[in-house]
Amino acid sequence: MTTTLITGANKGLGHETARRLTAAGHTVYVGARNVERGSAAAAALGARFVQLDVTDDASVAAAAATIESDGGLDVLINNAGIEVRSPEGGIIGAAELTADVMREVFETNVFGLVRVTHAFLPLLERSAAPVVVNVSSSLASLAQAGKGYPGVAYPASKTTVNMLTVQFAKAFPRMWINAVEPGYTATDLNRHEGAQTVEIIVRMARPGPDGPTGGYFDSAGPLPW
């Protein structure tokens with residue numbers, strides 16, 4: 001049986017991924033900061049809940065201890081992420097960008113990912129088939145930078161996620177570690193716009209023995225770095 005942890009899974013991409021993987025037979029931990037909302041989401045999905053705030057060392061350590069005591073971990077999906085907008089809901093471009101905005105976005109999207117990955121590496125290394133899926137974005141692609149979206153902090157954070165993915169994959173060749181772009185999917189992050197699915201997250205959570213590692217993918221295949 002495959003045990004999977006999904007961060008930020010009480011809603012949005014994480015919730016739908018949890019639903020799909022639970023239906024596929026995974027034992028899924030719904031990781032969420034809010035105990036009430038996370039517990040309710042897990043119960044509705046037939047999953048397990050673990051309190052997990054990716055920005056808090058103690059919370060992450062406690063979640064790792066809980067999952068270790070329950071038997072370990074095979075798949076980690078680093079899904080938790082934020083985008084900071086102006087009070088009016090506008091995208092913050094280069095002219096308005098501040099260090100505080102960058103710091104807030106990176107605390108969750110980058111430092112949170114590193115914090116969680118580091119904490120769960122010992123459990124993953126004990127798995128017979130360890131997998132890490134990092135939820136990235138097409139906005140992370142340097143080859144496509146400058147097309148459309150004027151924001152800075154969110155794309156920069158996801159470009160960093162891609163680099164982390166490559167370096168972790170090199171360091172842990174026995175693991176399948178990939179970055180994925182789920183597409184413009186309706187979530188709180190984008191005010192529930194978009195019509196894509198979580199198919200690529202689910203696929204990379206179940207890569208098979210010949211699956212890729214150290215890559216950057218959407219549902220159609222590899223993306224340009």
Ser157 side chain to Tyr154 backbone, donor-acceptor under 3.5 Å | yes
Please tabulate, for side-chain N and O atoms in residues 30-46, each donor-acceptor pair with protein atoms closer than 3.5 Å (sequence neighbours left out).
unit_1: Asn34; atom_1: OD1; unit_2: Glu36; atom_2: N; d: 3.1
unit_1: Asn34; atom_1: OD1; unit_2: Arg37; atom_2: N; d: 2.7
unit_1: Ser39; atom_1: OG; unit_2: Val35; atom_2: O; d: 2.7

Distance-only, no hydrogens or angles: does the Asn79 side chain make a donor-acceptor pair with backbone N or O of Thr7 under 3.5 Å?
-> yes
Using atom types as modelled and distance alone, determine if a side-chain donor or acceptor of Thr160 lies under 3.5 Å from a backbone N or O of Ala156.
-> yes
Counting only pairs under 3.5 Å, give me each side-chain donor-acceptor contact of residues 101-108, with atom names and distances, residues two or more places apart or in other chains.
unit_1: Arg103; atom_1: NH1; unit_2: Asp100; atom_2: OD1; d: 2.8
unit_1: Glu107; atom_1: OE2; unit_2: Arg115; atom_2: NH1; d: 3.4
unit_1: Glu107; atom_1: OE2; unit_2: Arg115; atom_2: NH2; d: 3.3

Worked check of side chain to side chain donor-acceptor pair (under 3.5 Å) between Asp74 and Thr2 | CA-CA 6 Å; Asp74 303 296; Thr2 301; 4.9 Å; no
Using a 3.5 Å cut-off and no angle test, enumerate the donor-acceptor pairs between side-chain atoms of residues 198-213 and protein atoms at least two apart in sequence or in another chain.
unit_1: Glu199; atom_1: OE1; unit_2: Arg203; atom_2: NH2; d: 2.8
unit_1: Glu199; atom_1: OE2; unit_2: Arg203; atom_2: NE; d: 2.9
unit_1: Glu199; atom_1: OE2; unit_2: Arg203; atom_2: NH2; d: 2.9
unit_1: Arg203; atom_1: NH2; unit_2: Ser219; atom_2: O; d: 2.9
unit_1: Thr213; atom_1: OG1; unit_2: Met175; atom_2: O; d: 3.2
unit_1: Thr213; atom_1: OG1; unit_2: Ile177; atom_2: N; d: 2.8
unit_1: Thr213; atom_1: OG1; unit_2: Ile177; atom_2: O; d: 3.4

Counterpart residues, side-chain contact (heavy atoms from CB on, under 4.5 Å), relative to Ala171 (two or more places apart) = none
What pairs meet the ring pair (Phe, Tyr, Trp, His ring centres under 6.0 Å) rule with one or both residues in residues 205-225, with sequence neighbours excluded?
-> Tyr216-Trp225
So salt bridge (Lys or Arg N to Asp or Glu O under 4.0 Å) across residues 120-143, not counting sequence neighbours, yields Glu68-Arg126
May I ask you to decide if Glu181's main-chain N or O and Asp218's side chain share a donor-acceptor pair within less than 3.5 Å?
-> no
Going only through I, L, V, M, F, W and Y residues with side-chain contacts under 4.5 Å, is there a path from Val161 to Leu223?
-> no
